[in-house]
Participant: 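Let me give you the structure first, and then I'll get to my questions.
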Amino acid sequence: MKMETLPVETAVEWITAWTNLTWPVSWETAFAIRDRLGWIAESQDGRYFRTVLTPPGKEGEGVIGARDDHEFDGVVFLLATPVIRGMKDETTAPTTWAAYESYVTALTKIFGEPREVRRHSGSNKEDRESTWYLPNGSSFSLGAQSGIIEVSINSPEDTWADLESQRLEEKYGPNWEEQFE
C-alpha cells in the first residue's frame with residue numbers, strides 16, 4: 001500500500017488552526033474548526049471525524065478529546081494515510097521520514113525549536129516525536145513511526161502534566177513513578 005502524505009502547506013494549516021486558541025476552548029469552537037478544515041464528523045459521535053486521508057468506507061481516525069466527557073482537551077489527527085504492518089513496502093519508511101522532516105522544518109520556522117525525542121533509531125520500530133510548547137500554555141506534538149504521522153494538540157492541563165513528568169524524570173530518573181508507589 002502506498003503511503004500518501006499531506007502537502008506541507010496543508011499540514012501547517014491544519015495544525016495552526018488549533019494552536020492560537022484561548023483556553024478553555026468551547027465545543028462550539030472545536031467543532032467549528034473541524035468543519036472549517038473540511039473534516040467530516042462521524043454520525044454516531046461528532047468528536048470522531050474523517051479527513052481527506054481517510055480511505056473510502058473506513059471510519060475516521062481523528063478524534064476531538066474530552067476531559068471527563070464534557071470539556072474539550074485537545075485533538076488528534078493524521079497527516080498521512082496510515083500503512084499498517086503487512087501492507088508496508090520499500091517506500092513506506094523513506095516516505096514517512098521525508099514528510100516528517102519537512103513538517104518539522106516548516107513548523108520550526110513558525111514555532112521555534114521543538115523538544116525532540118527519537119527512539120529505536122535505524123530499526124523498523126523507530127519512532128520520532130517533536131513537541132512545541134506554546135505561549136497560551138498548550139502544546140502540540142508531531143509523532144511518527146514508519147507508516148504513521150500523527151499530530152496531537154494538547155490542552156494546558158495536559159501540557160502541564162507532560163512538563164511535570166519531564167521534570168520528575170530529570171530529578172528521579174526514567175522510572176520515577178515506581179519510587180512513589
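The analysis underlying the following values was restricted to heavy atoms, covering all of them including side chains, and did not include hydrogens, waters or symmetry mates. Positions are given from 1 along the sequence.
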Participant: Only counting residues at least two apart or in another chain, list the ones meeting side-chain hydrogen bond (donor to acceptor under 3.5 Å, both in side chains) with S152.
Facilitator: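 Partners of S152 under the side-chain hydrogen bond (donor to acceptor under 3.5 Å, both in side chains) test: N154.
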Participant: Mind checking what makes side-chain hydrogen bond (donor to acceptor under 3.5 Å, both in side chains) contact with Y100, not counting sequence neighbours?
Facilitator: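 So Y100 forms a side-chain hydrogen bond (donor to acceptor under 3.5 Å, both in side chains) with S130.
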Participant: To the nearest 0.5 Å, what is the distance between OG1 on T92 and CH2 on W97?
Facilitator: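 T92 OG1 to W97 CH2: 11.5 Å, rounded to 0.5 Å.
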Participant: Any side-chain hydrogen bond (donor to acceptor under 3.5 Å, both in side chains) pairs touching residues 4-19, not counting sequence neighbours?
Facilitator: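 Those involving residues 4-19 do not exist here.
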Participant: Where is the tightest heavy-atom contact between M3 and G147, given as atom of each residue plus distance?
Facilitator: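 It is CE-C, 3.5 Å.
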Participant: How would you list, by chain and number, every residue that makes a side-chain hydrogen bond (donor to acceptor under 3.5 Å, both in side chains) with K58, sequence neighbours excluded?
Facilitator: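 So K58 forms a side-chain hydrogen bond (donor to acceptor under 3.5 Å, both in side chains) with E61.
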Participant: Nearest 0.5 Å, please: how far is CD1 in I15 from CG in L79?
Facilitator: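 Between L79 CG and I15 CD1, I get 5.0 Å after rounding to 0.5 Å.
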Participant: One thing to verify: whether R167 and E170 come together as a salt bridge, which I'm taking to mean a side-chain N less than 4.0 angstrom from a carboxylate O.
Facilitator: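 Salt bridge: no.
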Participant: How many angstroms lie between OG in S155 and CD in E71, if you round to the nearest 0.5 Å?
Facilitator: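 With rounding to 0.5 Å, OG (S155) is 7.5 Å from CD (E71).
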Participant: Could you see if L107 belongs to whatever hydrophobic cluster contains I148? Use Ile, Leu, Val, Met, Phe, Trp, Tyr and a side-chain cutoff under 4.5 Å.
Facilitator: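 Cluster IDs for L107 and I148 differ.
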Participant: Can you list the steps and then say if N175 with E169 is a side-chain contact (heavy atoms from CB on, under 4.5 Å)?
Facilitator: CA-CA 7 Å; N175 297 318; E169 183 172 322; over 6 Å; no
Participant: Linking I/L/V/M/F/W/Y whenever any side-chain heavy atoms sit under 4.5 Å apart, do V75 and W160 land together?
Facilitator: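 The answer is no; the residues belong to distinct hydrophobic clusters.
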Participant: Nearest 0.5 angstrom please: T108 OG1 to L142 CG, how far?
Facilitator: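 With rounding to 0.5 Å, OG1 (T108) is 9.5 Å from CG (L142).
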Participant: With distance as the sole test, does T51 use its side chain to make a donor-acceptor pair with the main-chain N or O of L53 at under 3.5 Å?
Facilitator: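 Looks like yes, one N/O pair under 3.5 Å.
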Participant: May I ask you to test the I64-F31 pair for a side-chain heavy-atom distance under 4.5 Å?
Facilitator: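 Yes, at least one pair of side-chain atoms sits under 4.5 Å.
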Participant: Mind checking side-chain contact (heavy atoms from CB on, under 4.5 Å) for N136 and listing every partner two or more places apart, or none if nothing turns up?
Facilitator: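 Partners of N136 by the side-chain contact (heavy atoms from CB on, under 4.5 Å) criterion, ordered by chain and then number, come out as W23, L134, S138.
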Participant: Measuring from L168:CG to Q166:CD, what's the distance to the nearest 0.5 Å?
Facilitator: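 Output value for this atom pair is 10.5 Å.
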Participant: V63, I33: one ILVMFWY side-chain cluster at the under-4.5 Å cut-off?
Facilitator: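 No, separate clusters.
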Participant: State whether the side chain of Y103 and the backbone N or O of L6 hold a donor-acceptor pair below 3.5 Å, judged by distance alone.
Facilitator: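 Between the backbone of L6 and the side chain of Y103 there is a qualifying donor-acceptor contact (under 3.5 Å).
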Participant: Can you check whether R50 reaches E42 side chain to side chain, under 4.5 Å on heavy atoms?
Facilitator: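 Answer yes - side chains close enough.
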Participant: With a 4.5 Å limit on heavy-atom distance, are the side chains of P114 and T131 in contact?
Facilitator: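 No, side chains not in contact.
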Participant: With a 4.5 Å limit on heavy-atom distance, are the side chains of F140 and Y133 in contact?
Facilitator: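 Answer no - side chains too far apart.
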Participant: Looking at side-chain heavy atoms only, is the closest gap between D73 and D158 below 4.5 Å?
Facilitator: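 Yes - at least one pair of side-chain heavy atoms lies under 4.5 Å apart.
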Participant: Apply side-chain hydrogen bond (donor to acceptor under 3.5 Å, both in side chains) to R128 and list each qualifying residue two or more places apart in sequence or on a separate chain.
Facilitator: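 For R128 the side-chain hydrogen bond (donor to acceptor under 3.5 Å, both in side chains) partners, ignoring immediate neighbours, are E101, E126.
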Participant: With a 6.0 Å cut-off on the ring centroids, do F49 and F77 count as close?
Facilitator: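 That pair fails the under 6.0 Å test.
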Participant: If you round to the nearest 0.5 Å, how far is NE2 of H120 from CD of Q145?
Facilitator: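 These two atoms lie 8.5 Å from each other.
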Participant: Mind checking whether W39 and L21 sit in one hydrophobic cluster, side chains of I, L, V, M, F, W, Y counted as touching below 4.5 Å?
Facilitator: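 In one cluster with W39: L21, yes.
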Participant: Any heavy-atom pair between the side chains of V12 and I110 that's under 4.5 Å?
Facilitator: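 I110 vs V12: side chains touch.
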Participant: For R34 and G46, work out which heavy atoms get closest and say how close.
Facilitator: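 It is NH1-O, 2.6 Å.
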Participant: Tell me whether W132 is reachable from V117 by hopping between hydrophobic residues (I, L, V, M, F, W, Y) whose side-chain heavy atoms are closer than 4.5 Å.
Facilitator: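 They do not share one cluster, since no chain of ILVMFWY contacts under 4.5 Å joins V117 to W132.
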Participant: Could you tell me whether the side chain of S165 and the main chain of A161 form a donor-acceptor pair under 3.5 Å?
Facilitator: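 Checked: no pair found.
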Participant: Would you say that more than 12 heavy atoms from the other residues, nucleotides or ligands in this model lie under 6.0 Å from the CZ of F111, or not?
Facilitator: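 Result for CZ/F111: enclosed.
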